[in-house]
Each structure stands twice: as structure tokens, then as C-alpha cells.
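The structure under discussion appears below in the form of C-alpha cells.
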Amino acid sequence: MNLSAKERIRRAGPTTKTVRVWLGADLDLLEQYEAAQRELEEAQKPATSLAGNGPTGNIQARLDALRAQLDEYAMDFRLRGLADGRFRRLLEEHKPRRAGDEIHPHDNRGWNAATFPGALVKASTVSPELDEDDWFALLGDEDTDGLLTSTQLDELAAAAYRLSRVEVDIPFSPAGSPTNPSFGRE
């Protein structure tokens, strides 16, 4: 399909990506799921293998049941890239912390590492639609832990950053691959 520039602009929306996180997942379930996956892999080995070709139906059913339990903890965030002006305003609102002439060691990327990642995720989230109470529950503040772990917030913030600031890389294209910034909060 050969669209004109005007047609491309008219039908284009922001670049988006879905990132899944598991809120408060039961890690015992995760360990059981991983053990069942290994058991299924062993049972699926060829009959000539010492471990292979055992019954897989019961294992697959157990794996499916465990996955269903784990998915109850799943939350999908649909993130969009921010326009340049909005991204710059966000940076301006979350400047690096300073002590005299020194920039805080975690803020050497040009933003406040304690506040910018959460603000970026919040500004970039298309869905789910969350109110301020929901965001507080997810992100917390300096006195209250949020439900998102540091790693989960880093993953969401890195995806939002890539959507906003890094060239979109389509596999097997001449363009290079995007990089992941380090959000290194304290």
C-alpha cells in the first residue's frame, strides 16, 4: 500500500507498546509454574531420550491452571510515546537534584531519578485508565511503598522512554536497535 504523506499523517496515532507486570504475584505459584514447565519439557523429549516421551496431558493441564492463577495478578499497561514538547516539560518538572554545584549521583541522566520514572509512566499510560488513588497505590511516595517494584517501574519507564525518545526500530531494517536508559533510582 502506497500512502501519501497526508494519508499517513491522518491515519497515524502515537507509537504504542503494551508492557505486562504482575502486581503482588504469589512467587510460590511462579515456582510451581516453572517446575511444571521443566517437567513438560522433559516429558516431551523424544522417546530415544532417557527422560522423554512420558504423558504430557496432566502436566499441560496443571501448567494451564497455574498460568490462569498467575494471570490474575497481571496488569497490562498500554504506553504511548510523548510528543517532544510534553516530554521536555516533564523533564523540566523533574530536574536533577543538586547539593550545591554537585548533581545527585543517581540523577546524572538529566532527570530526578526518584520522581521522573513514575511521572513518565503516568504521562505515557493510555490504558488502563487510572485515577490519582490508583496511581498512588501503584507508585507510592517517599513515605509509602507502591505496588510496583523498582524493577517493574524501571521496565515501564524504559519502555515509555524508548517510545518517546528513541528511534522506532523495525526488525531487519537498516536502522539500529533502540537502547535502554538506566533509570537507576535509589
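Predicted model only: the values in this text are computed from it and were never measured.
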Side chains of residues 23-41: which donor-acceptor partners sit under 3.5 Å, not counting sequence neighbours?
from: Asp26; atom 1: OD1; to: Asp28; atom 2: N; distance (Å): 2.9
from: Glu39; atom 1: OE1; to: Arg62; atom 2: NH2; distance (Å): 2.5

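- Applying the side chain to side chain donor-acceptor pair (under 3.5 Å) rule to pairs touching residues 120-136 yields Lys122-Glu132, sequence neighbours excluded.
- Ile103 and Phe116 are members of different hydrophobic clusters when ILVMFWY side chains are connected at heavy-atom separations under 4.5 Å.
- Hydrophobic cluster membership is shared by Phe77 and Leu147, with clusters built from Ile, Leu, Val, Met, Phe, Trp and Tyr side chains linked at under 4.5 angstrom.
- Across every non-hydrogen atom of Trp111 and Leu91, the tightest pair is CE3-CD2, 3.8 Å.
- Applying the side chain to side chain donor-acceptor pair (under 3.5 Å) rule to pairs touching residues 71-81 yields Thr16-Arg78, Thr18-Arg78, Arg20-Asp76, Arg67-Asp71, sequence neighbours excluded.
- Annotation: side-chain contact (heavy atoms from CB on, under 4.5 Å) contacts of Asp141 (sequence neighbours excluded): Phe136, Asp143, Thr144.
- Counting heavy-atom neighbours within 6.0 Å of Asn108 CG, excluding the residue itself, gives a total above 12.
- Separating the CG atom in Asn112 from the CZ atom in Arg98 is a distance of 12.0 Å, to the nearest 0.5 Å.
- Here the shortest heavy-atom pairing between Pro128 and Met75 reads CG-CE, 3.4 Å.
- In terms of hydrophobic clustering, with Ile, Leu, Val, Met, Phe, Trp and Tyr side chains grouped at heavy-atom distances under 4.5 Å, Trp22 and Leu139 are assigned to different clusters.
- Checked options Leu138, Val121, Asp154; the residue passing with Leu148 is Leu138 (criterion: side-chain contact (heavy atoms from CB on, under 4.5 Å)).
- Taking every heavy atom of both residues into account, Ala160 and Leu79 meet most closely at N-CD1, 4.0 Å.
- Taking a 6.0 Å sphere around CG of Asp145, one finds it holds 12 or fewer heavy atoms contributed by other residues, nucleotides or ligands.
- In plain terms, the two heavy atoms of Gly118 and Leu153 that are nearest each other are CA-CD1, 4.0 Å.
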(request) Go through the steps for Leu82 and Leu120 under the test side chain to side chain contact (heavy atoms under 4.5 Å, CB included), then give the verdict. (result) CA-CA 9 Å; Leu82 300 179; Leu120 177 60; 3.8 Å; yes
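- In terms of the side-chain hydrogen bond (donor to acceptor under 3.5 Å, both in side chains) criterion, Glu155 has no residue partners (sequence neighbours excluded).
- Judged as a side-chain hydrogen bond (donor to acceptor under 3.5 Å, both in side chains), and not counting sequence neighbours, the contacts of Lys95 are Glu92.
- Between the side chain of Glu102 and the backbone N or O of Ala99, no donor-acceptor pair lies under 3.5 Å.
- Remark: Thr115 OG1 to Leu90 CG distance equals 8.5 Å, nearest 0.5 Å.
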